[in-house]
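One structure is given below, encoded as structure tokens.
Chain A is the first sequence line, chain B the second, and so forth, proteins listed ahead of strands; every chain is numbered from 1.
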Protein chains: 2
Amino acid sequence: MNRQILVVEDEAPIREMITFVLEQNGFNTIEAEDFDQAKAKVVEPYPDLILLDWMLPGGSGVKLAKSLKQNEYTRSIPIIMLTARADEDDKVKGFDVGVDDYVTKPFSPKELIARIKAVIRRVSPTALEEAIEFHGMKLDPVAHRVSINDRNVDLGPTEFRLLHFFMTHTERVYSREQLLDNVWGTNVYVEDRTVDVHIRRLRKAIAGEGHEDFIQTVRGSGYRFSGKVKAGV
Amino acid sequence: MNRQILVVEDEAPIREMITFVLEQNGFNTIEAEDFDQAKAKVVEPYPDLILLDWMLPGGSGVKLAKSLKQNEYTRSIPIIMLTARADEDDKVKGFDVGVDDYVTKPFSPKELIARIKAVIRRVSPTALEEAIEFHGMKLDPVAHRVSINDRNVDLGPTEFRLLHFFMTHTERVYSREQLLDNVWGTNVYVEDRTVDVHIRRLRKAIAGEGHEDFIQTVRGSGYRFSGKVKAGV
DNA sequence: TAGACATGTCATAAAATTGTCACAAAAATT
DNA sequence: AATTTTTGTGACAATTTTATGACATGTCTA
């Protein structure tokens, strides 16, 4: 599930530091040091995310962002702006062109990674083609197959999609409506409570494997998928 | 989560109209009618946004804005200017001191709310999503989860909201009525003493972790959430 | 076309949450 | 010390929210 990240930054030391950190964290990187190089690298296969320096020689980062966001094919690529100063104006302008987030230099590697993951999670929740693994639970979107501790689990189509969604969106509460939107699809007219029933079916299916309570009910809010279960005393 | 908005406006009727509209829309309000009052109210917990009248007795709104924007601690608070005339110069001057937006009087409630939301969205796009931490106590609004020293704590919906409010409004006494307004919602008919019961439940839930007395009773006034334990009187 | 699955919706059971009380405890006043 | 005011607590019944089993309908396959 390696994501490819395009790093657009003119100062070599910073760029290298960033790519180092990214690769340490399991991302693939492509580098570009100015507007033109960047433009040239935003081609198929499109990067999964772009880290874009605010100030670039030969055309500002904002200009590039704007251009990418106006193109039909590239506009869905998430962009994170790197800005040297916490200048409010910069932020505003960045957001105006549809940038997804920004990180102010200097930033910690931890923060950078966290932001990137957050954006990816937010932007391309289901795009993964590769198998997902979570606490001994494996889901292969391509083979359309689920196993827990190497034991096969049979799921109906809806339960499969539901589990898929959950496995790509852990540690977060989703309301029944959100689940309907994400798993059933928007503009589908189905009762909220139907979610309960499918949750029940999914729970039942993965029960007996000790993974039953991975799906947690958050009263008044919805459901959450998570490995952690025990509540403190 | 309820945002707190400081309304700085000298004409009482207008001010009251504004606060009414804001509260109708789920915001909490603080009022100030002149420069000094406003200054005095921009203290922790800082308001999430300031609505500032252009003309103020005893020092113009611009002066206040400038002063706030030059202070390290307050400069990140977004400010929306209320101006009586659509004077381009005013706007420019306002923006020069870093004001985030302006609304020209007379304005419709709808417009006001829209502007406020836009500014909040622009300035802190992820603020609602970020986990809050306070003395080893963590509250994650997204996962809908609370932990103390990495140990999970189970809370009912109301207790969760109550704790959330407290963690975003520490070091300050809130009356039972204010808590009802903020946590239960305005125009909800519930006994004052109900707050006591929920305080009790929350205390119980976070007890045993040494965080029990983070919620302090201020006799005759209400409750306060604070890390500091009272020493003298 | 029969049979095996899947799905959405109900009705009902089961749980958890909530607001109030009544009384105890603590603090402030007389 | 007695009284009054304010807050802490445990219990409880009503209400709200979830869990669950059953079922009718629709789909697909053999």
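- Residues A:His144 and A:Phe160 bring their aromatic ring centres within 6.0 Å.
- Whole-Å rounding puts the B:Asp213 CG to D:dG8 C1' distance at 15 Å.
- Taking the six-membered ring where the residue is Trp, A:Phe225 and A:Phe134 present tilted rings, their angle falling between 30° and 60°.
- For the pair B:Leu179 CG and D:dT7 P, the computed distance is 12 Å after rounding to whole Å.
- The CZ-C1' distance, from A:Arg176 to D:dT16, rounds to 12 Å in whole Å.
- Scanning for side-chain hydrogen bond (donor to acceptor under 3.5 Å, both in side chains) contacts around A:Ser147 gives an empty result, with sequence neighbours left out.
- A salt bridge between A:Glu171 and B:Arg145 is present, with a side-chain N of the basic residue lying under 4.0 Å from a carboxylate O of the acidic one.
- Listed by chain and number, the residues in a side-chain hydrogen bond (donor to acceptor under 3.5 Å, both in side chains) with A:Arg161 amount to none (sequence neighbours excluded).
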Dot-bracket for DNA chain C, please. Rules: Watson-Crick or G-U, both distances under 3.5 Å, ( ) within the strand, [ ] when a pair crosses earlier ones, | for another strand, . otherwise.
||||||||||||||||||||||||||||||
A correct 5'-to-3' footprint of nucleotides 19-30 of chain C, with B, S and - meaning base, sugar-phosphate only and no protein heavy atom under 4.0 Å, is BBB----BBS--
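- For the pair B:Lys204 NZ and D:dT7 P, the interatomic distance rounds to 20 Å; values are reported in whole Å.
- Looking at heavy-atom distances under 4.0 Å, B:Phe160 makes no contact with the nucleic acid at all.
- For A:Thr194, there are no side-chain hydrogen bond (donor to acceptor under 3.5 Å, both in side chains) partners, not counting sequence neighbours.
- As a whole-Å value, the separation of A:Arg203 CZ from D:dA19 C1' is 8 Å.
- Each of A:Arg172, A:Arg203, A:Arg176, A:Gln216 was scored for a side chain to side chain donor-acceptor pair (under 3.5 Å) with A:Tyr223, with one residue passing: A:Arg176.
- OP1 or OP2 of D:dT17 has not a single side-chain nitrogen or oxygen of A:Thr217 nearer than 4.0 Å.
- Computed from coordinates, the B:Leu180 CG to C:dT18 C1' distance equals 13 Å when rounded to whole Å.
- One finds the OG1 atom of A:Thr158 at 5.0 Å from the NE2 atom of A:His198 (value rounded to the nearest 0.5 Å).
- Residues forming a side-chain hydrogen bond (donor to acceptor under 3.5 Å, both in side chains) with A:Thr29 (at least two apart in sequence, or on another chain): A:Glu23.
- In this structure, the CD1 atom of A:Ile215 is 15 Å from the P atom of D:dT18, given to the nearest Å.
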